[in-house]
> 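The structure's right below; bear with me while I get my questions together.
Just so we're on the same page: letters track the sequence lines, and every chain starts at 1. Small disclaimer: the values here were computed from a predicted structure and weren't measured. Note: hydrogens, waters and symmetry copies are ignored here, and every other heavy atom, side chains too, is used.
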Number of protein chains: 2
Amino acid sequence: MNGNDSSTTRRRSDATRGAILLAARERFAADGYERATIRAIAKDAGIDPSMVMRYFGNKEGLFASAVTVDLKIPDIGSLPRHEVGRALVAHFLAMWEENEVLTALLRVGATNQAGAERMQGIFRDQLLPVALTVCPDPEQSPARAGLVATQLLGLALTRYVLRIPPAVELSREEIVAWLAPTLQRYLTAPSP
Amino acid sequence: MNGNDSSTTRRRSDATRGAILLAARERFAADGYERATIRAIAKDAGIDPSMVMRYFGNKEGLFASAVTVDLKIPDIGSLPRHEVGRALVAHFLAMWEENEVLTALLRVGATNQAGAERMQGIFRDQLLPVALTVCPDPEQSPARAGLVATQLLGLALTRYVLRIPPAVELSREEIVAWLAPTLQRYLTAPSP
DNA sequence: TTCGTAGGCCAACAAGTGTTGACTCATGGC
DNA sequence: GCCATGAGTCAACACTTGTTGGCCTACGAA
C-alpha cells in the first residue's frame, strides 16, 4: 500500500492495471455500461474478474478510472476570433477519432446517470470556459456553449454511435467546412 | 386467432396490450434497452411478465412493437423555400416534447444495434425525402440530410438525454431562432 | 535460504434476467 | 346451463451478472 514512490518504482501490477483500463475503455465504447460486463473486460485483459474488483473496488469505480476525459482544447484566445469555429470542429474531430474514451462516455451517458453527469461536468469545466473567453457578452456564454455542444455531440452521435451512413461518409474536411460557420455563429454572432 | 374483424371487434385483451406498450415506451425512454426489464414493464402495466411474452414473443418483439416512429413531417414542398429550416426545427421540437418514443429510440439506439438500425431507417425513409425535395442538387441530398440529422439529434441528445443545463434551459423560441438558419444553410446553401 | 507479501486464480454466492409450461378463472356463443 | 376458448397467474428453468473470500504461487528483501 506504499504509494509514495509510485513515480519511480514500477510495480508489477501496473501492467495488468493498464490492461484492464484499456480493455474497459474498449468495451464501454463498444457496448455501453450495462453490456460491458466485468467478465468480458477481464477476459480481454487476460486476467481473472476478481482482479478488477481488487484494483477498482466495483464496476462504478472501474468506469470512473477508465473513462477520464481531457479535451485538450488549445488556447483559443491566441487565435483570430473568426477562426475559432473552424479550430474547434477540427480539434474535436481529431480528438474523437484518436480516442475511444469519448465514444465510451457518449454511449454510457445515454443510459447511465453517472455517465450523463460526467458529461455535464466536462461541458462545464472544459467547453464553457472557451465560450467565456470568446463570446462578446459573458452573460450569454452558457447558452452559446450549449448550442455548440448540440452540434458537436450531434455530429459524434450520428457519426460514431448511430453510424447514419451519410454522416459516416462525410470527409473530415467536408465536416469542418460545413460546421465551422455554425459554431462560429453560435459563439460570436449577435443573438437572433 | 381470427383477426379478420379486428377493426370492428374490440377484444378484451386490447386494453392490456395497450397498457404494456405504454409502460414499455416509458421504461425504454427512461432506462434504455438493457435496464428496461420485462418484469418492471409488466409491473407498471399491472400484469404478469409472462403476458408480455404471450403478446410480443420476446423482448426484441416488444421493443419493435412499442417503438415505432412516425415523424409526421408536414408537406415541406408547399412552404416558401427559405422557411424550411425554421419549420423543420419547430416541428421536431414539438414532436420531441409530446412523444416519449423519440427519447426511447435515442437512448436505445446508443447502446443497441437494433435500435441504431431503426434510427438509420427513420433517417432514410422520413428525413432524407425532405432533403430530396428541398435541396437544389439531388446528388448532395444525403450529405445535407445527414448534416441536418447531426444538428437535430444533437439537440435532442443534449436537451432530453444528457440534460446539459444550458441546453435544457433554452426556450423553444430561442432554439428555433438559433437552429433555423443552421438547417436552412445545410439544406439550401451552396456547398462551402 | 527463508519468509512475508503482493499478485493472481478458483469456486461460489445471491440477486436478477429472459423465458417457459402448467394451471386457474372468467366469459360469451350454443 | 354448458363448455371451448381466451385472459391471466404462478412457479420454476437456465443463465448471467456483480461481488466475495479462500487459496496458491512467485518474488524480493533479510
> Between protein and nucleotides 19-25 of chain C, map the contacts as a letter string: B base, S sugar-phosphate only, - none, heavy atoms under 4.0 Å, written 5' to 3'.
BBB----

> Near DNA chain C, under 4.0 Å by heavy atom, which residues of residues 103-116 of chain A?
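Those residues: none at all.
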
> To the nearest Å, how far apart are D14(A) CG and dA6(C) P?
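Rounding to the nearest Å, CG of D14(A) and P of dA6(C) are 14 Å apart.
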
> Below 30° counts as parallel, above 60° as perpendicular, anything between as tilted: where do the rings of Y33(B) and F28(B) land?
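Plane angle under 30°, so parallel.
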
> With distance as the sole test, does Q126(A) use its side chain to make a donor-acceptor pair with the main-chain N or O of L71(A) at under 3.5 Å?
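Side chain of Q126(A) to backbone of L71(A): a pair is present.
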
> Between P on dG18(C) and CD on E34(A), what's the gap in Å once rounded to a whole number?
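That distance rounds to 12 Å.
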
> Less than 4.0 angstrom between a side-chain N/O of T16(B) and OP1 or OP2 of dG8(D), yes or no?
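The answer is yes; a side-chain N or O of T16(B) sits under 4.0 Å from OP1 or OP2.
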
> Just call it for Y55(B): base, sugar-phosphate, or nothing, with non-hydrogen atoms closer than 4.0 Å on any strand.
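Sugar-phosphate, no base atom in range.
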
> Can you tell me how far P of dG6(D) sits from CD1 of I47(B), to the nearest Å?
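Going from CD1 in I47(B) over to P in dG6(D) covers 19 Å.
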
> Do the ring planes of Y160(B) and W96(B) sit parallel (below 30°), tilted (30 to 60°) or perpendicular (above 60°)?
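Parallel, since the angle between the ring planes stays under 30°.
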
> Can you tell me how far C1' of dG8(C) sits from CZ of R17(A), to the nearest Å?
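R17(A) atom CZ is separated from dG8(C) atom C1' by 16 Å.
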
> More than 12 heavy atoms of other residues, nucleotides or ligands under 6.0 Å from CD of E117(A): yes or no?
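Yes, the 6.0 Å shell around CD holds more than 12 heavy atoms from other groups.
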
> So how far is it from L179(B) CG to L88(B) CG, rounded to the nearest 0.5 Å?
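The CG atom of L179(B) sits 10.5 Å away from the CG atom of L88(B).
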
> Counting N and O atoms only, with roles assigned by atom type, does the side chain of T158(A) sit under 3.5 Å from a partner on the main chain of L155(A), one being a donor and the other an acceptor?
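Yes; judged by distance alone, with no hydrogens or angles, the pair exists.
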
> Decide whether L22(B) and I41(B) are clustered together by the hydrophobic rule: side chain heavy atoms of Ile, Leu, Val, Met, Phe, Trp, Tyr closer than 4.5 Å, transitively.
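No.
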
> Does K72(B) offer a backbone N or O that forms a donor-acceptor pair with the side chain of H91(B) under 3.5 Å?
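Indeed, once roles are kept as given, a pair shorter than 3.5 Å links the two residues.
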
> Give the rounded distance in Å between these two atoms: CD1 of I20(B) and C1' of dG8(D).
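From I20(B) CD1 to dG8(D) C1': 11 Å.
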
> Rounded to the nearest 0.5 Å, what separation is found between the CZ atom of R81(B) and the CG atom of L187(B)?
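So the CZ of R81(B) and the CG of L187(B) are separated by 10.0 Å.
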
> Nearest-Å distance, CG (L62(A)) to C1' (dT19(D))?
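From L62(A) CG to dT19(D) C1': 13 Å.
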
> Nearest nucleotide by nearest heavy atom, which residue falls closer to the 5' end of DNA chain C, G46(A) or R35(B)?
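Looking at the nearest nucleotide for each, G46(A) comes out on the 5' side.
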
> Taking NZ from K43(A) and P from dC9(C), how many angstroms apart are they, rounded to a whole number?
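These atoms are roughly 14 Å apart.
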
